[in-house]
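Notes for the one structure printed next.
Because the structure is predicted, anything quoted here is derived from the model rather than measured. Here is the naming used below: chain letters follow the sequence lines, and residue numbers restart at 1 for every chain.
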Number of protein chains: 2
Amino acid sequence: MKKQKVSDEKPGLVRRSVCPITNTLDILGDKWTLLVVRDMFLGKKTYGEFLASPEGIPTNILADRLKRLEQHGIIDKTPYQQSPVRYAYQLTSKGQQLSPVIKEIIKWGLENIQGTKAAMMDRNK
Amino acid sequence: MKKQKVSDEKPGLVRRSVCPITNTLDILGDKWTLLVVRDMFLGKKTYGEFLASPEGIPTNILADRLKRLEQHGIIDKTPYQQSPVRYAYQLTSKGQQLSPVIKEIIKWGLENIQGTKAAMMDRNK
DNA sequence: CCAGTGACTTGCAATTTGAAAGTTACATGC
DNA sequence: GCATGTAACTTTCAAATTGCAAGTCACTGG
């Protein structure tokens with residue numbers, strides 16, 4: 001029932017439990033993070049492309065989530081041009097391994113929430 | 001019989017998009033909701049049992065999440081005794097269908113977050 | 001009558017969210 | 001040269017949500 005500090009790791013990190021679900025939720029458990037990951041599976045790469053998604057993520061939230069995903073090694077950021085510098089984000093292998101999670105969430109949503117559509121998950125659309 | 005879904009849009013419902021991921025996150029996308037679902041897969045049934053989990057969910061959050069899960073038809077609540085009345089929560093079939101989602105999250109967590117352990121997901125513990 | 005238990009509800013401070021506006025660094029058109 | 005545009009953020013601040021603690025309610029058992 002006690003929250004434990006992780007002995008060897010990053011100072012400041014408080015682990016709620018050793019449960020893999022709990023620890024995954026501490027990284028991905030909110031309304032926006034997985035939508036950014038979804039967009040990257042759909043081939044989107046830039047800040048502007050993420051902003052353009054239909055859900056309308058606020059700019060400050062997007063910046064924060066990109067930073068956190070990067071810190072957790074789920075995505076990485078590289079400049080794809082200089083003058084002016086522009087960045088491309090992409091999934092690391094850790095991020096790509098989220099594919100089965102995303103897939104099962106899509107499946108559950110389509111089967112259990114009326115009005116959801118698979119169409120938008122089509123990459124060439 | 002349980003009450004049937006209405007085909008009309010619910011009055012308070014604001015849909016961010018038709019994406020199944022988005023709509024799933026609007027129900028389950030936070031740090032606590034899936035932990036309650038996890039506990040139910042582990043056989044826990046009562047308010048007190050959920051409270052006793054190692055993450056230490058606050059009482060008001062637990063009450064709120066149980067209410068929301070019930071409203072979304074993912075769990076249901078029945079009195080298992082009278083005088084004083086005591087309630088048991090259980091997953092509906094909609095809730096049980098979350099099993100593959102949970103399974104993939106556990107898998108990702110175990111493979112990608114150091115210090116997580118499968119042990120606690122054993123039912124007879 | 002009093003303590004204890006299970007299932008909540010309430011109060012309130014702290015944290016997080018989100019809408020909008022501002023910033024930085026260039027590029028292009030007039 | 002200057003205004004406008006664009007991409008990628010950062011800042012501000014009110015509103016909403018979270019989380020700790022305490023309180024409530026309906027009993028039971030001693």
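Taking a 6.0 Å sphere around NZ of K103(A), one finds it holds 12 or fewer heavy atoms contributed by other residues, nucleotides or ligands. Other residues, nucleotides and ligands contribute only 12 or fewer heavy atoms inside 6.0 Å of the NZ atom of K107(A).
Comparing dC26(C), dC9(D), dG19(D) against the side chain of A63(A) picks out dC9(D) as the nearest. Picking from dA7(C), dT18(D), dA21(D) the nucleotide with the shortest atom distance to the side chain of T59(B) gives dA21(D). For R86(B), taking side-chain heavy atoms from C-beta onward, the closest of the listed nucleotides dG19(D), dC9(D), dG6(C) is dG6(C).
Remark: C1' of dC8(C) and NZ of K67(B) are 9 Å apart, rounded to the nearest angstrom. One atom, CD1 of I75(A), and another, P of dA8(D), lie 13 Å apart when rounded to the nearest Å. The OH-C1' distance, from Y89(A) to dA8(D), rounds to 8 Å in whole Å. Atom CD1 of I61(B) and atom C1' of dT15(C) are 12 Å apart (whole Å). Atom-to-atom, NZ of K77(B) to P of dG6(C) comes out at 16 Å; the value is rounded to the nearest Å. Across the protein-nucleic acid pair, N60(A) atom CG and dT16(C) atom P stand 13 Å apart, rounded to whole Å. R65(B) has its CZ atom 14 Å from the P atom of dT9(C), to the nearest Å. Rounded to whole Å, atom P of dT16(C) lies 16 Å from atom CD1 of I57(A).
A cation-pi geometry, defined here as NZ or CZ lying under 6.0 Å from the six-membered ring centre and within 45° of its normal, does not hold between K77(B) and Y89(B).
Every residue two or more places apart in sequence or in another chain that forms a side-chain contact (heavy atoms from CB on, under 4.5 Å) with D30(A) is listed here: W32(A), T33(A), R65(A).
Each of L66(B) and D64(A) was assigned the nucleotide of DNA chain C with the nearest heavy atom; the assignment lying further toward the 5' end belongs to L66(B).
Taken residue by residue, residues 25-34 of chain A places no heavy atom nearer than 4.0 Å to DNA chain D.
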Using salt bridge (charged side-chain N to carboxylate O under 4.0 Å, His left out), reason through R38(B) and E55(B) one step at a time and then give a plain yes or no.
CA-CA 12 Å; R38(B) 169 203 68 185; E55(B) 289 84 9; 2.9 Å; yes
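A donor and an acceptor atom, one from each side chain of S53(A) and D39(A), are located under 3.5 Å apart.
Considering all non-hydrogen atoms of both residues, V101(B) and E104(A) come closest at CG2-O, 3.5 Å.
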